[in-house]
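Every chain is numbered from 1, with letters handed out A, B, ... down the list of sequences.
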Protein chains: 2
Amino acid sequence: MSTPSSRADARSNRARIVEAARDAIAAAAPDEELRLNAVAQKAGVGQGTLYRHFPTRADLLVEVYRHDVDDLVALAPVLLETEPPLKALAHWFDRVANYARVKRGVFAALEASVWKDLSAHSLGPIGDALTLLLDAGRATGDIRPDADAHDVIVLIAFLTRLDESEWDERARHLLGIVLDGLRVRVAD
Amino acid sequence: MSTPSSRADARSNRARIVEAARDAIAAAAPDEELRLNAVAQKAGVGQGTLYRHFPTRADLLVEVYRHDVDDLVALAPVLLETEPPLKALAHWFDRVANYARVKRGVFAALEASVWKDLSAHSLGPIGDALTLLLDAGRATGDIRPDADAHDVIVLIAFLTRLDESEWDERARHLLGIVLDGLRVRVAD
DNA sequence: ACCTGAACACCGTTCAAGT
DNA sequence: ACCTGAACACCGTTCAAGT
């Protein structure tokens with residue numbers, strides 16, 4: 001996916017924009033919107049240059065968190081090698097929660113890219129990772145067959161909204177409830 | 001809560017603002033933001049007048065949907081009179097979903113007012129209705145004891161985000177998963 | 001090819017002047 | 001007391017002119 005851009009300055013600009021955006025997100029208040037003009041200024045480029053490289057806000061956010069998302073995606077198969085599917089899913093949820101806590105923007109970007117992908121009838125790499133986990137759980141009969149990756153993404157999107165102050169007491173607890181909802185119910 | 005405003009024109013202005021906002025929301029695209037200046041213009045009042053009556057955007061939205069929210073709140077005890085708690089909760093979810101589908105703004109306002117209330121360590125009337133339903137379910141041993149109204153509000157907030165096109169296939173299905181997560185698990 | 005930054009459009013919010 | 005609407009502030013977005 002490396003865009004071998006024809007000019008060195010273009011590549012350097014692109015890198016500086018991403019860096020400036022990362023800094024701006026880290027410095028900003030929890031749910032403060034990323035101000036694109038400020039990013040351009042910090043990066044030392046014109047606004048038009050930012051738009052040339054990242055036509056939409058989501059494009060920029062996705063790039064900023066590309067590595068984090070990649071890590072998350074790569075984790076799914078690794079977990080499945082050493083744990084039963086249900087436990088793997090639980091651990092994956094934990095990891096998602098961690099990312100989302102440290103930098104709220106990760107999940108915002110994840111949501112943005114997923115929504116974009118939804119129109120294209122694909123769930124993106126995160127959807128693939130989830131499908132892997134859900135399929136494994138279905139195979140062992142632990143996870144209900146009528147829940148897909150799309151469902152789970154929508155259900156755990158609340159992580160974006162949780163307030164910093166209530167994170168510790170609520171994030172894992174709520175993910176636990178969702179996990180229980182995804183499990184196959186034994187007859188009652 | 002009736003503010004017996006000292007001037008007739010003030011009351012009439014307030015009413016016209018609410019009416020204009022309702023119309024604007026009904027006419028606007030699904031997730032289009034409500035433009036306050038446009039509301040003021042439609043209502044035939046100055047922008048300052050709108051701000052005098054509704055200092056924040058949430059204040060206005062809450063007022064627009066006051067009756068809908070009241071209905072939702074009043075429904076909870078009625079359901080509990082004729083149905084077992086778990087079924088009552090399921091039906092209440094259905095009703096919430098209906099409101100949210102027809103006018104997406106209902107739920108946005110509900111969320112806004114709840115977030116406001118959260119700071120004040122209260123969950124508002126919606127939280128009270130939910131507490132009623134959850135308590136009843138706990139008493140019969142159907143609903144897990146470690147889930148409160150706050151949890152449920154956060155969990156079903158996804159209704160705000162669902163796209164019109166996927167509503168029918170997804171809203172009830174996802175609410176069902178949440179409901180299962182809220183049930184007490186029989187030993188497995 | 002790519003970049004710059006002035007300029008435009010759009011909204012939210014305030015406040016001095018009116019009634 | 002309450003209202004008006006011009007004015008300000010702020011951002012996103014475009015595009016003619018530069019290199």
* **Opposite nucleotide pairing with D:dT19, Watson-Crick or G-U, both atom distances under 3.5 Å** => C:dA1
* C:dT14 - base-pair partner by Watson-Crick or wobble geometry, distances under 3.5 Å ->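 C:dT14 is paired, partner D:dA6.
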* Asked: Going by atom types alone, do B:Arg95 and B:Asn98 pair a side-chain donor with an acceptor below 3.5 Å?
  -> no
* To do: Decide whether A:Asn13 and A:Arg16 meet the rule of one side-chain donor and one side-chain acceptor closer than 3.5 Å.
  =>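 Yes.
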* Side chain of B:Asp9 (C-beta onward), nearest among D:dC3, D:dG12, C:dA7 ->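 Of all the options, the side chain of B:Asp9 is nearest to D:dC3.
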Check whether any side-chain nitrogen or oxygen of [X] sits under 4.0 Å from OP1 or OP2 of [N], and answer yes or no.
X       : N     : value
B:Arg52 : D:dC3 : yes
A:His53 : C:dC2 : no
A:Asn13 : C:dC3 : yes

* By nearest nucleotide on DNA chain D, pick out whichever of A:Thr49 and A:Arg35 is the more 5' one. =>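 Between the two, 5'-proximity favours A:Arg35.
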* Given DNA chain D, 5'-ward residue of the pair B:Gly46 and A:Leu36, judged by closest heavy atom ->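 Result of the comparison: B:Gly46.
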* Asked: So what does A:Arg57 hit on the nucleic acid, given a heavy-atom distance under 4.0 Å: a base, only sugar-phosphate, or nothing?
  -> sugar-phosphate
* Hey, does B:Leu50 reach any base, or is it just sugar-phosphate, or nothing, if we go heavy atoms under 4.0 Å? ->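 Counting heavy atoms under 4.0 Å across all strands, no contact is made by B:Leu50.
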* To do: Between B:Asn37 and A:Val45, just flag the one whose closest nucleotide in DNA chain C comes earlier from the 5' side.
  =>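 Between the two, 5'-proximity favours A:Val45.
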* Within the distance-only criterion (no hydrogens, no angle test), does the side chain of B:Arg144 pair as donor or acceptor with the backbone N or O of B:Arg185 below 3.5 angstrom? -> no
* Is the side chain of A:His53 donor-acceptor paired with the backbone N or O of A:Val18 at a distance under 3.5 Å, no angle test? ->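 It does not hold such a pair.
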